[in-house]
2 protein chains.
Amino acid sequence: MPGPIQSIERAAAILRLLARGSGRLGVGEIAESLELAKGTAHGILRTLQGVGFVEQDKDSGKYQLGAALLHLGTSYLDVNELRSRAINWADALAARSGEAVRIGAPLEGRVLVVHHVFRPDDSLQTLDVGTLLPLHATALGKVLLAFDAALVASLRGGELEAYTRRTLASPTAVKRALAKVREAGWAGELGEMTPGEAGIAAPIRGHGGIVVGALGISGAVERLCDPDGSPKATLLGYVRDAARAVSRDLGASRW
Amino acid sequence: MPGPIQSIERAAAILRLLARGSGRLGVGEIAESLELAKGTAHGILRTLQGVGFVEQDKDSGKYQLGAALLHLGTSYLDVNELRSRAINWADALAARSGEAVRIGAPLEGRVLVVHHVFRPDDSLQTLDVGTLLPLHATALGKVLLAFDAALVASLRGGELEAYTRRTLASPTAVKRALAKVREAGWAGELGEMTPGEAGIAAPIRGHGGIVVGALGISGAVERLCDPDGSPKATLLGYVRDAARAVSRDLGASRW
DNA sequence: CGGGGTGTTCGACATTGTCGAATCGCAGCC
DNA sequence: GGCTGCGATTCGACAATGTCGAACACCCCG
């Protein structure tokens with residue numbers, strides 16, 4: 001059995017590289033980052049440009065992601081079953097809880113937001129669909145970690161960035177937190193990603209009970225938590241109910 | 001000078017194929033559509049699956065677009081200068097006009113929506129970012145066609161689908177309409193894409209005056225047009241003002 | 001239980017992708 | 001205005017890879 005096709009893997013690596021940081025890189029930078037010959041990198045970039053996956057700035061010569069990816073990304077949402085099943089429950093949860101709702105699934109060692117319902121008020125909010133959130137510092141992420149040993153194994157200690165003073169930044173602390181999540185069946189997060197913001201999430205299960213995603217709300221600590229820091233029981237109940245409903249829709253039994 | 005890398009082009013073709021229609025296809029269907037050997041198609045799919053660009057349904061064996069594309073698509077939005085420059089003007093235009101605002105750029109012979117501001121009311125709306133709209137049946141598309149001869153050349157008569165009874169479905173009709181758009185400097189659309197809905201759009205120019213995108217509003221005919229079917233002068237003015245402002249931000253002079 | 005259809009695997013080999021070296025283009029500096 | 005340096009681009013030899021026909025595996029249906 002032959003392995004994967006090298007040039008396609010390399011092309012994908014270039015696209016992922018361009019999705020990080022400034023998003024604009026020269027041929028030399030790309031070649032160096034991926035340890036490729038400049039001619040090789042250039043050939044791949046020329047082809048990616050031809051198919052619209054990459055664009056080159058005429059002035060600086062730098063490359064960046066191309067427009068064709070936007071359509072592909074959006075088309076992915078159309079076929080994503082987790083999202084299809086969860087949309088209505090997420091809308092209902094936002095209305096019921098009065099908070100922003102997000103649905104996440106694991107991707108590249110982080111949480112990919114596949115659906116985002118704004119908090120139903122007039123505040124200025126930005127859409128998170130498509131963004132990658134850290135696993136260890138979000139309620140969604142902790143849920144995904146708690147029920148996926150392989151995901152935990154892929155998490156390296158060096159990657160436990162401290163976003164705030166409350167972020168769990170040691171493997172031991174994360175491990176302990178995950179045990180509690182497994183026991184409780186939900187995860188909370190209190191000012192660990194953003195100061196003053198809290199989150200509550202519950203697992204979404206698919207066939208056979210495997211956790212395929214997480215559903216959660218987030219908002220100001222004062223609105224989501226009791227003075228002692230624990231999540232408000234009513235909100236927690238809403239989140240778990242919605243997650244269970246989505247799970248049933250996905251074919252999970254008895255969750 | 002060697003040509004593009006065949007396997008990368010083929011991989012891109014597979015992804016585009018999966019972005020159409022049902023979005024789920026088997027190896028045989030993909031091989032047949034792209035005139036590839038089944039082994040070849042399978043090898044490419046296996047690699048795309050490995051990098052997260054494709055997923056395979058365990059039950060049916062069908063392939064579909066993968067989660068990694070969502071993140072790449074969203075990252076594209078972050079580096080898209082047209083969108084970056086236009087966001088605030090689009091928000092302002094939505095508030096000012098009370099209608100939905102969209103920004104589009106050409107992609108694969110259609111209009112790619114790169115930004116969408118909802119009509120500022122409580123009505124249920126779906127986000128169009130990432131979707132592809134037809135060129136001939138939308139105000140955005142007519143603007144892009146009017147100022148891009150190559151785009152017109154790529155448009156085939158057979159592709160002029162009649163979405164409503166008012167859609168311009170013949171090359172002659174489209175050509176005449178585009179001449180008027182060039183002369184007027186904006187495009188309108190009246191029930192040609194969706195019955196009862198109208199659109200008004202103006203060109204966004206970049207360096208050297210080249211049209212790089214279009215900015216437009218859309219809504220019910222009664223709100224956008226006078227009884228005689230022409231766009232309301234105030235709304236048209238708002239659209240042109242906003243498009244000009246974005247153009248200036250993009251470095252176009254004297255537009 | 002057998003047949004049909006689809007996904008997957010294998011290995012020969014022809015074609016392609018890789019990469020070192022050279023060239024081109026452009027900007028900045030003297 | 002010319003030269004230098006740096007980054008993008010091109011080229012062609014050739015080794016490595018991607019392709020594809022054939023066979024196999026699996027599953028569903030009659």
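By convention in this document, chain letters (A, B, ...) are assigned in the order of the sequence lines, proteins followed by strands, and residues within each chain are numbered from 1.
Among the atoms of the strands shown, none is found under 4.0 Å from any heavy atom of A/Gly43. Residue contacts shown for A/Glu32 are absent, as no nucleic acid heavy atom lies under 4.0 Å away. Among the protein residues, B/Gly39 comes within range of the nucleic acid bases, having at least one heavy atom under 4.0 Å from a base atom.
Checking the phosphate oxygens (OP1, OP2) of C/dT18, a side-chain nitrogen or oxygen of A/Arg10 falls inside 4.0 Å. For C/dT16, the OP1/OP2 oxygens have no side-chain nitrogen or oxygen of A/Gln6 closer than 4.0 Å. In this structure, A/His42 does not reach the D/dA8 phosphate: none of its side-chain N or O atoms is under 4.0 Å from OP1 or OP2. A/Tyr63 has no side-chain polar atom (N or O) that falls below the 4.0 Å cut-off from OP1 or OP2 of D/dG7. OP1 and OP2 of C/dT16 both lie 4.0 Å or more from every side-chain N or O belonging to A/Ser7. Distances shorter than 4.0 Å separate none of the side-chain N or O atoms of A/Thr40 from OP1 or OP2 on C/dG17.
The side chain of B/Ile44 lies closest to D/dT19, out of C/dG7, D/dA8, D/dT19. Distance from the side chain of B/Ala37 is smallest for D/dG21 among the nucleotides C/dG7, D/dA8, D/dG21.
Using a cut-off of 4.0 Å between Lys/Arg side-chain N and Asp/Glu carboxylate O, B/Glu29 and B/Lys62 are scored as salt-bridged. B/Asp57 and B/Arg24 are not joined by a salt bridge, as no carboxylate oxygen comes within less than 4.0 angstrom of a charged side-chain nitrogen.
Atom pair A/Ile30:CD1 and C/dC19:C1' shows a separation of 17 Å (rounding to whole Å applied). Between the C1' atom of C/dT18 and the CD atom of A/Glu35 lies a distance of 16 Å, rounded to the nearest Å. To the nearest angstrom, P of D/dT17 lies 13 Å from CG of A/Leu36. C/dG7 atom C1' lies 14 Å from atom CG of B/Leu25, rounded to whole Å. A straight line from CD1 of B/Ile5 to C1' of D/dT9 spans 14 Å, rounded to a whole angstrom. Atom CG of B/Asp59 and atom P of D/dC28 are 9 Å apart (whole Å). In this structure, B/Lys62 places its NZ atom 12 Å from P of C/dT8, rounding to the nearest Å. Between the CD1 atom of B/Ile8 and the C1' atom of C/dG17 there is a distance of 9 Å, given to the nearest Å.
Atom CZ of residue B/Arg20 and atom CG of residue B/Leu25 lie 9.5 Å apart, to the nearest 0.5 angstrom.
Under the ring-ring contact (aromatic ring centres under 6.0 Å, His included) criterion, B/His42 pairs with no residue, sequence neighbours left out.
Residue-to-nucleotide contacts include no donor-acceptor pair under 3.5 Å from the side chain of A/Lys38 to the base of C/dG20.
Under 3.5 Å, the side chains of A/Trp89 and A/Asp249 contain a donor-acceptor pair of N or O atoms.
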